[in-house]
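Just so it is clear: chains get the letters A, B, ... in the order the sequence lines come, proteins before strands, and each one is counted from 1. Any value given below was found using the heavy atoms of this structure, including those in side chains, with hydrogens, waters and symmetry copies removed.
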Amino acid sequence: MGSETAQEGQNRPAQVSRFQIFTGFLLIGMFGFGGIAAAMHHVMVERRRWLTNAEYASILGLGQVLPGANLVNMATMVGDRFQGAIGALLALIGLTFMPIVILVALAEFYDHFANMPDVVAGTRAAAAGAVGMIFGTGWKLARTIVDSRWAFAFAVASFVAIGILRLPLVGTLLVLASAAIAVGYWSSTRAK
Amino acid sequence: MRNDDLLWAMALTFFTTAIFSFGGIATMIPEIHRQAVDIRGWLGNDDFATAFALSQIAPGPNILLMSMIGWRVAGWAGLAVATLATIVPTSLIALLAGRGEARIANTRWYMIAKRALPPIVVGLILSSGVVTGHAAIDHWLGVAIAGGVAIHIALSRTNPLIPLGIGTAIGIAAARLGFF
């Protein structure tokens with residue numbers, strides 16, 4: 001611990017215990033209001049120093065290509081890296097346990113007060129705001145990701161298929177993903 | 001439908017959708033809505049919209065929308081089935097991929113997939129916006145709140161709960177004044 005000389009893992013604890021994994025992800029889950037991405041980075045890179053920025057980016061990048069929630073994938077991989085499958089399990093339980101309890105409490109609260117006009121109006125407005133969150137996130141991503149005509153074409157195709165025509169996800173994705181990978185392969189051979 | 005049959009059908013639906021949800025949970029939303037609301041009628045648009053709103057207000061990973069839908073449909077058993085069917089298979093894939101990260105990270109196919117898939121994900125996320133918007137918004141003020149939050153997120157990096165809270169307060173105030 002402590003010296004800044006090694007290329008990898010400077011300043012970070014030599015070992016992360018199972019208990020620390022559990023509490024770390026418990027913290028991320030509980031304080032991840034408005035999305036856990038910021039809390040995840042804060043706890044793992046800045047506060048507990050389990051990962052360097054580069055390691056964080058690399059694991060996150062892989063988590064984004066895989067199916068499933070990016071940050072749940074990330075929790076699995078980080079837990080596994082330090083404490084094997086048990087670590088992964090503890091990371092997942094830590095990440096989801098308290099949020100599920102809070103969410104069910106919130107839903108019970110909602111059901112109990114669903115006849116109050118303020119609660120109904122507040123929930124309707126919050127739902128609308130949450131829709132805005134999705135569009136804002138999508139727009140933000142689009143600006144960095146859609147950087148070519150092909151990228152634009154595939155973004156539009158998946159939007160039309162799923163968002164407008166409401167086609168089934170599995171078939172649509174098999175077609176679009178194979179086509180996108182074929183195009184990617186083709187342009188990578190041409191680039192040589 | 002018997003309760004066991006319902007839980008099995010839910011498990012299969014969430015499992016299949018999750019293992020194809022490249023790019024994250026937002027890409028699961030349109031398919032889960034299509035299956036749970038449109039095709040099988042497990043819950044109505046109103047319940048879907050409420051589950052969506054509550055899961056966004058609460059802290060934690062956005063996968064909890066699936067838990068909340070499960071809870072609405074079949075109580076605690078539904079919550080357990082939806083959550084596990086979403087998390088377990090994808091986490092197993094992530095576990096194996098994470099162990100092979102060093103080998104995967106430099107392969108040509110990984111590089112190609114990393115550039116090829118994200119544009120599709122962008123289209124899926126915007127689709128999620130359309131599907132949830134259709135389920136949750138039925139008033140011009142809702143459109144305005146959604147637009148305000150979207151613009152805030154697109155332009156700034158501060159916590160989205162701030163505009164979400166402001167939008168909620170505006171909704172409550174507008175309802176008290178009689179126009180929401």
Side-chain angles (χ1 to χ4, degrees), chain A residues 29-30 32-34 36 62 65-73 76-77 80 88 95 99-100 102-103 106-107 117-118 121-142 145-146 151 154-155 158-159 162-163 166 169-170 173 176 180-181 184-185 188, chain B residues 18-22 24-25 30-31 34 49 52-54 56-61 63-64 67-68 90-91 93-95 97-98 101 112-116 118-120 122-130 132-133 136-137 142 145-146 149-150 153-154 159-161 164 167-168 171-172 175 180:
Chain A
M30 280 172 63
F33 284 99
I36 56 171
L62 184 55
V65 175
L66 300 171
N70 304 335
L71 297 166
V72 174
N73 286 341
T76 308
M77 290 189 272
D80 180 55
L95 187 64
I100 285 179
I102 294 171
L103 186 57
L106 199 64
D118 279 356
T123 310
R124 274 176 78 204
V131 172
M133 276 172 68
I134 292 188
F135 275 115
T137 310
W139 173 249
K140 220 171 181 173
L141 269 181
I145 286 170
V146 181
F154 280 112
S158 75
F159 176 73
I162 302 292
R166 305 276 171 99
L169 177 74
V170 175
L173 217 64
L176 283 179
I181 285 173
Y185 179 77
S188 77
Chain B
I19 56 171
F20 279 91
S21 64
F22 293 93
I25 289 307
E31 179 69 9
R34 196 179 77 88
F52 174 64
L54 295 177
Q56 298 289 321
I57 297 168
I63 200 159
L64 295 190
S67 316
M68 190 79 285
T90 52
S91 290
I93 296 171
L95 190 92
E101 195 211 347
I112 291 173
K114 225 170 126 176
R115 267 192 61 76
I120 299 175
V122 167
L124 293 172
I125 290 174
L126 295 175
S127 301
S128 274
V130 172
T132 54
I137 298 176
I145 291 169
V149 173
I153 288 179
N159 194 316
L161 270 198
L164 198 62
T168 306
I172 294 172
F180 180 51

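Residue B:L164 touches chain A through its side chain alone, counting heavy-atom pairs closer than 4.5 Å. Proximity to chain B is limited to the side chain of A:A88, based on heavy atoms less than 4.5 angstrom apart. Of the atoms belonging to B:I137, it is side-chain heavy atoms, and not backbone ones, that fall under 4.5 Å from chain A. Using a 4.5 Å cut-off between heavy atoms, A:L173 touches chain B through its side chain atoms alone. Using a 4.5 Å cut-off between heavy atoms, B:I112 touches chain A through its side chain atoms alone. Interface remark: B:A18 contributes backbone atoms only to the contact with chain A (heavy atom separation under 4.5 Å).
Taking A:N73, A:I162, A:L103 one by one and counting their heavy-atom pairs under 4.5 Å with chain B, the maximum is reached by A:L103. With respect to chain A, the highest number of heavy-atom pairs below 4.5 Å among B:P118, B:P30, B:G129 belongs to B:G129. Contacts with chain A were tallied for B:S91, B:G98, B:G171; B:S91 has the most, counting heavy-atom pairs under 4.5 Å. Taking B:A154, B:A175, B:A113 one by one and counting their heavy-atom pairs under 4.5 Å with chain A, the maximum is reached by B:A154. By number of non-hydrogen pairs under 4.5 angstrom with chain A, the leading residue of B:L95, B:I63, B:I19 is B:L95. For the options B:G24, B:S67, B:A136, heavy-atom pairs under 4.5 Å to chain A are most numerous at B:G24. Ranking A:A142, A:G136, A:P117, A:G138 against chain B, the residue ahead of the rest is A:G136, based on heavy-atom pairs under 4.5 Å. Counting heavy-atom pairs closer than 4.5 Å to chain A, the top residue among B:A94, B:G142, B:A53 is B:A94.
Note that the CG atom of B:L64 and the CD atom of B:Q56 stand 10.0 Å from one another [nearest 0.5 Å]. The distance from atom CD1 of A:I145 to atom CZ of A:F154, rounded to the nearest 0.5 Å, is 14.5 Å.
Checked by atom type and distance alone, the side chain of B:K114 never pairs as donor or acceptor with a backbone atom of A:V65 at under 3.5 Å. In this structure, the side chain of A:S158 engages the main chain of B:I120 through a donor-acceptor pair within 3.5 Å.
Looking only at side-chain heavy atoms (C-beta outward), A:F135 and B:I125 stay at 4.5 Å or farther from each other. For the pair A:F159 and B:V130, the minimum side-chain heavy-atom distance is below 4.5 Å.
Listed here is the closest heavy atom pair of A:I134 and B:T132: CD1-OG1, 4.1 Å. Between A:A127 and B:A49 the shortest heavy-atom distance is CB-O, 4.1 Å. Taking each heavy atom of A:W139 and B:L126 in turn, the nearest pair found is N-CD2, 4.2 Å.
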